[in-house]
Trainee: 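This is the structure I have questions about; it appears just below.
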Amino acid sequence: MVTSACPAESGAPGDGAEPGEFREAMRLWATGVAVVTTQSPEGPHGMTLNSLLSVSLDPPTLLISLKRGSRTADVIQRTGRFTVNVLAAGQQALADRFTQRRVFGAEQFAGVRHRPSPGGGGPELEGAAVVLTCRTTQRIEVVDHTLIVAGASVGRRPPADDSRGPLLYVDRGYRDLTEQETGAGNGPGLSLRPTAR
């Protein structure tokens, strides 16, 4: 099902901040990092995103936001399936790889350890913190983006002894979580630290 939001409902330009001002504000919003992968007759494709949202636990449902007309959006529209690979701390090179717009298909995955998705989505990346297999249930057109709502199942979880934590992105840089003493007898806490390149 496809839904189109009217301008008054979708925050049309002119209703708020200027694009540059809004971009500067949103860069302070810390998020996780994921690579969304798809599979089509033309081959596999992947792209890095941080616009991922849990919508419901029952049934398990998530939402991703994609630029309208992007290769990933077009493949998902045709196949109705995709895979979300949530990246772990230390996987920033993998995140950077899938931001390259001029590389696609088998070339994009050359040298990247991955396996086919048993759920029919895109490739599952080895070492991801968690892998979610998704099937589209609704598409919502909002301004210049497509919001894709999908049912999700957990395809692969990290081993119990995996303590890496998630890869994070904030203020134009990758971060990971590290435990540190908070002082004043409050015990350990968490802080963000830049990841090594």
Trainee: With a 4.5 Å limit on heavy-atom distance, are the side chains of Leu87 and Leu94 in contact?
Mentor: yes

Trainee: So does Gly46 get a backbone contact from the side chain of Gln108, meaning a donor-acceptor N/O pair under 3.5 Å?
Mentor: yes

Trainee: Quick one: does any side-chain atom of Asn85 pair with a main-chain N or O of Val35 as donor and acceptor, under 3.5 Å?
Mentor: yes

Trainee: Is there side-chain contact between Val75 and Thr72, with heavy atoms separated by less than 4.5 Å?
Mentor: no

Trainee: Quick one: which residue pairs count as a salt bridge (Lys or Arg N to Asp or Glu O under 4.0 Å) with a foot in residues 74-94, not counting sequence neighbours?
Mentor: Glu42-Arg78

Trainee: Give a yes-or-no answer on whether the side chains of Ser40 and His45 include a donor-acceptor pair shorter than 3.5 Å.
Mentor: no

Trainee: Within the 4.5 Å heavy-atom criterion, are Tyr174 and Leu167 side-chain neighbours or not?
Mentor: yes

Trainee: Show the nearest heavy-atom pair for residues Ala95 and Val33, with the distance to one decimal.
Mentor: CB-CG1, 4.0 Å

Trainee: Has Arg97 got more than 12 heavy atoms of other residues, nucleotides or ligands less than 6.0 Å from its CZ?
Mentor: yes

Trainee: Quick check: is Phe22 connected to Leu49 through a chain of hydrophobic side chains (ILVMFWY, heavy atoms under 4.5 Å apart)?
Mentor: no

Trainee: Is any side-chain heavy atom of Ile76 less than 4.5 Å from a side-chain heavy atom of Ile64?
Mentor: yes

Trainee: I'd like to know if Glu124 pairs up with Arg113 as an ion pair, taking the criterion as any Lys NZ or Arg NE/NH1/NH2 lying under 4.0 Å from an Asp or Glu carboxylate oxygen.
Mentor: no

Trainee: Taking Gly127's backbone N and O only, do any of them form a donor-acceptor pair with Gln91's side chain (distance below 3.5 Å, no angle check)?
Mentor: yes

Trainee: Could you tell me the separation between the CG atom of Leu147 and the CD atom of Gln138, rounded to the nearest 0.5 Å?
Mentor: 9.0 Å

Trainee: Please check this pair: side chain of Ser70 against backbone of Leu66, looking for a donor-acceptor N/O pair closer than 3.5 Å.
Mentor: no

Trainee: Does a side-chain heavy-atom distance below 4.5 Å link Val154 with Val131?
Mentor: no

Trainee: What's the spacing between Leu63 CG and Ser56 OG if we round to 0.5 Å?
Mentor: 12.5 Å

Trainee: Looking at Leu28, I'd like to know if its CG atom is crowded, meaning that more than 12 non-hydrogen atoms belonging to other residues, nucleotides or ligands lie closer than 6.0 Å.
Mentor: yes

Trainee: Return the minimal non-hydrogen interatomic distance between Gln39 and Gly121, and the atom names on each side.
Mentor: CB-O, 3.6 Å

Trainee: Has Thr137 got a side-chain atom pairing as donor or acceptor with Val149's backbone, closer than 3.5 angstrom?
Mentor: yes

Trainee: Any donor and acceptor pair, going by atom type alone, linking the side chain of Thr61 with main-chain N or O of Pro59 inside 3.5 Å?
Mentor: yes

Trainee: Applying ring-ring contact (aromatic ring centres under 6.0 Å, His included), can you list everything that pairs with Phe98, at least two apart in sequence or on another chain?
Mentor: Phe109

Trainee: With a 4.0 Å cut-off, would you call Glu141 and Arg68 a salt bridge?
Mentor: yes

Trainee: Please answer whether the main-chain N or O of Gly32 pairs with a side-chain N or O of Asn50 as donor and acceptor at a distance below 3.5 Å.
Mentor: no

Trainee: Could you go through the salt bridge (Lys or Arg N to Asp or Glu O under 4.0 Å) check for Arg23 and Glu18 one step at a time?
Mentor: CA-CA 9 Å; Arg23 184 183 299 109; Glu18 293 297 319; over 6 Å; no

Trainee: So Thr31 and Leu168, do their side chains get closer than 4.5 Å, heavy atoms only?
Mentor: no

Trainee: Measure the shortest side-chain to side-chain distance between Leu62 and Leu53 over non-hydrogen atoms and say whether it is less than 4.5 angstrom.
Mentor: no

Trainee: So Thr136 and Phe82, do their side chains get closer than 4.5 Å, heavy atoms only?
Mentor: yes

Trainee: Any chance you could lay out the side chain to side chain contact (heavy atoms under 4.5 Å, CB included) test for Cys134 and Val84, step after step, and finish with the verdict?
Mentor: CA-CA 7 Å; Cys134 306; Val84 174; 4.0 Å; yes

Trainee: If you take all heavy atoms of Ala89 and Asp176, which pair is closest and at what distance?
Mentor: CB-CB, 3.7 Å

Trainee: Could you go through Glu126 and His114, starting from their C-alpha distance and side-chain angles, then the distance that decides it, and tell me whether this counts as side chain to side chain contact (heavy atoms under 4.5 Å, CB included)?
Mentor: CA-CA 5 Å; Glu126 187 160 321; His114 64 281; over 6 Å; no

Trainee: Is a side-chain donor or acceptor of Ser117 paired with a backbone partner of Gly119 at a separation under 3.5 angstrom?
Mentor: yes

